[in-house]
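Every heavy atom of this structure was used, including side-chain atoms; hydrogens, water molecules and symmetry mates were not. From a predicted model like this one, the values you see are computed outputs, not experimental measurements. Naming convention: chains lettered A, B, ... in sequence-line order (proteins, then strands); numbering from 1 in each chain.
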There are 2 protein chains.
Amino acid sequence: MLTTEEKIAELVRTLPMYIGFLLDGIEIKYPIKLNVSEAKTLLFLHKREGNPMSEYSKKVGLTKGSFTAVADRLEKKGLIKRVAVSDDRRKNALILTEKGKAAAQKIDSLFNQHISNKIARLNDEELNNLKNALEKTIAIIEKIK
Amino acid sequence: MLTTEEKIAELVRTLPMYIGFLLDGIEIKYPIKLNVSEAKTLLFLHKREGNPMSEYSKKVGLTKGSFTAVADRLEKKGLIKRVAVSDDRRKNALILTEKGKAAAQKIDSLFNQHISNKIARLNDEELNNLKNALEKTIAIIEKIK
DNA sequence: AGATTATAGTTTGGATTCTAACATTAATAA
DNA sequence: TTATTAATGTTAGAATCCAAACTATAATCT
């Protein structure tokens, strides 16, 4: 018999596969070709811009070294800009350009549509249960960081 | 105001970051150097071996092309073996060698220990809530595949 | 049966990511 | 203040991953 901790460890191992299923088949056919990391970065910027690069690299799940390359590519494509942060000269904040805002908006709605399609077969109760379970999971993990 | 679907989409976006937090800092200091994909593969094999390669590639979250290389490396390190499946000659089942079993066991307990440490500050009620929330999430996603 | 389509796994070349060392700036300690 | 340690971001080379074409086998259709 597994302890609660062992059971949680097992669930944590398998969860990424299920998230992967939800994301599977998504197509980011924005005129400018974007890979997953670039799209994710735009989505997080769309939600909230102006944070230093390290914030976004954590959210996207890349090491800072890798994220530098992502920011380089997005900047080269004219979708974001690095801007100085007044109180700490080591930091670069990221902001969306106008073109980047339009792209982010588009990707945001594509992403929402994709998830909507995936969960379309769930009834209202199941949808609420899923939402609550996700919120609960995140709230508890929030507590331990 | 967000719809339930939009809220779920937002949670799905951020969940990987929280899983990342739970995994952060884990050290697989097994004598033989293993990367994350190799370690994951051993963990899934430890749970259940003898499935065809495609099963494990899905669980680990790699394309089949990438997974071929992972299996190659694990085989070269003497931790797994490809074995023929009687009823379908396209398939290769994976099994652990004795050395692989020992490694998997070790990694499994390191992983459990790591998660235990991460969630050590939670009380019994929170632990149960986390377990239930994770189980619920997975159960609902199971329904739509 | 023979043809067509689908599935499992491999290969290859290019893209992406990781690790580790580094430069710069900030925070802390002596 | 000066020295030490920590944090932010970049760089470079090696490792890993992806996409697409391919081989081999199985399943389905006519």
Side-chain angles (χ1 to χ4, degrees), chain A residues 16-17 20 23-29 32-42 44-45 50-77 79-95 145, chain B residues 16-17 20 23-30 32-42 44-45 49-77 79-95 145:
Chain A
M17 179 178 64
L23 302 180
D24 198 42
I26 193 168
E27 285 198 35
I28 310 166
K29 45 185 174 186
I32 296 175
K33 210 173 172 189
L34 298 173
N35 72 18
V36 175
S37 295
E38 291 160 10
K40 276 189 187 175
T41 302
L42 289 186
F44 288 119
L45 277 165
N51 286 348
M53 292 178 58
S54 54
E55 289 287 313
Y56 299 108
S57 76
K58 270 182 215 155
K59 289 184 181 178
V60 175
L62 294 179
T63 61
K64 53 190 182 166
S66 306
F67 192 73
T68 292
V70 173
D72 286 347
R73 295 194 299 265
L74 286 173
E75 204 167 21
K76 191 176 297 179
K77 288 170 184 170
L79 300 172
I80 69 166
K81 270 201 216 165
R82 288 169 163 91
V83 299
V85 171
S86 60
D87 65 330
D88 188 335
R89 289 197 292 172
R90 292 170 304 182
K91 292 183 183 173
N92 278 333
L94 297 186
I95 57 170
K145 35 182 229 177
Chain B
M17 179 178 65
L23 302 180
D24 198 43
I26 192 168
E27 286 196 35
I28 311 167
K29 46 185 173 186
Y30 181 74
I32 295 175
K33 210 175 171 188
L34 297 174
N35 73 15
V36 175
S37 295
E38 290 160 9
K40 276 189 186 174
T41 302
L42 289 186
F44 287 119
L45 277 166
E49 48 181 329
N51 286 350
M53 291 177 60
S54 54
E55 290 287 314
Y56 299 108
S57 75
K58 271 181 213 155
K59 289 183 183 179
V60 175
L62 294 178
T63 62
K64 53 191 181 163
S66 306
F67 191 74
T68 293
V70 174
D72 286 347
R73 295 194 299 265
L74 287 174
E75 204 167 21
K76 191 177 296 177
K77 288 169 183 170
L79 301 172
I80 69 167
K81 270 202 216 164
R82 287 169 164 92
V83 298
V85 170
S86 60
D87 64 332
D88 188 336
R89 289 197 292 171
R90 293 170 304 182
K91 293 183 181 171
N92 278 332
L94 297 186
I95 58 170
K145 31 181 234 180

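Each of A:G61 and A:R89 was assigned the nucleotide of DNA chain C with the nearest heavy atom; the assignment lying further toward the 5' end belongs to A:G61.
Applying the side chain to side chain contact (heavy atoms under 4.5 Å, CB included) criterion to A:K76, with sequence neighbours excluded, gives no partner residue. Applying the side chain to side chain contact (heavy atoms under 4.5 Å, CB included) rule to A:V85 yields the partners A:D87, A:K91, A:A93; only residues at least two apart in sequence or on another chain are considered. Residues forming a side chain to side chain contact (heavy atoms under 4.5 Å, CB included) with A:S66 (at least two apart in sequence, or on another chain): A:L62, A:T63.
Legend: salt bridge (charged side-chain N to carboxylate O under 4.0 Å, His left out) pairs involving residues 56-74 of chain B, not counting sequence neighbours, sorted by first then second residue: B:E38-B:R73, B:D72-B:R82.
In summary, contact between chain A and DNA chain D, defined as any nucleotide atom under 4.0 Å from a heavy atom of the protein, begins and ends at D:dA6 to D:dT11 in the 5' to 3' direction.
Across all their heavy atoms, B:K77 and B:I32 have their closest contact at CD-CG2, 3.7 Å. Looking at every heavy atom in both residues, A:T68 comes nearest to A:M53 through CA-CE, 4.2 Å.
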Whether each nucleotide of nucleotides 2-16 of chain C has a protein heavy atom under 4.0 Å at its base (B), only at its sugar-phosphate (S) or at neither (-) is summarised, 5' to 3', as ----BBSBBB----S

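In summary, of the residues considered (B:L79, B:V70, B:I80), a side chain to side chain contact (heavy atoms under 4.5 Å, CB included) with B:T41 occurs for B:V70 alone.
Of the possible polar contacts, one joining the A:Y56 side chain to the A:N51 backbone as a donor-acceptor pair under 3.5 Å is found.
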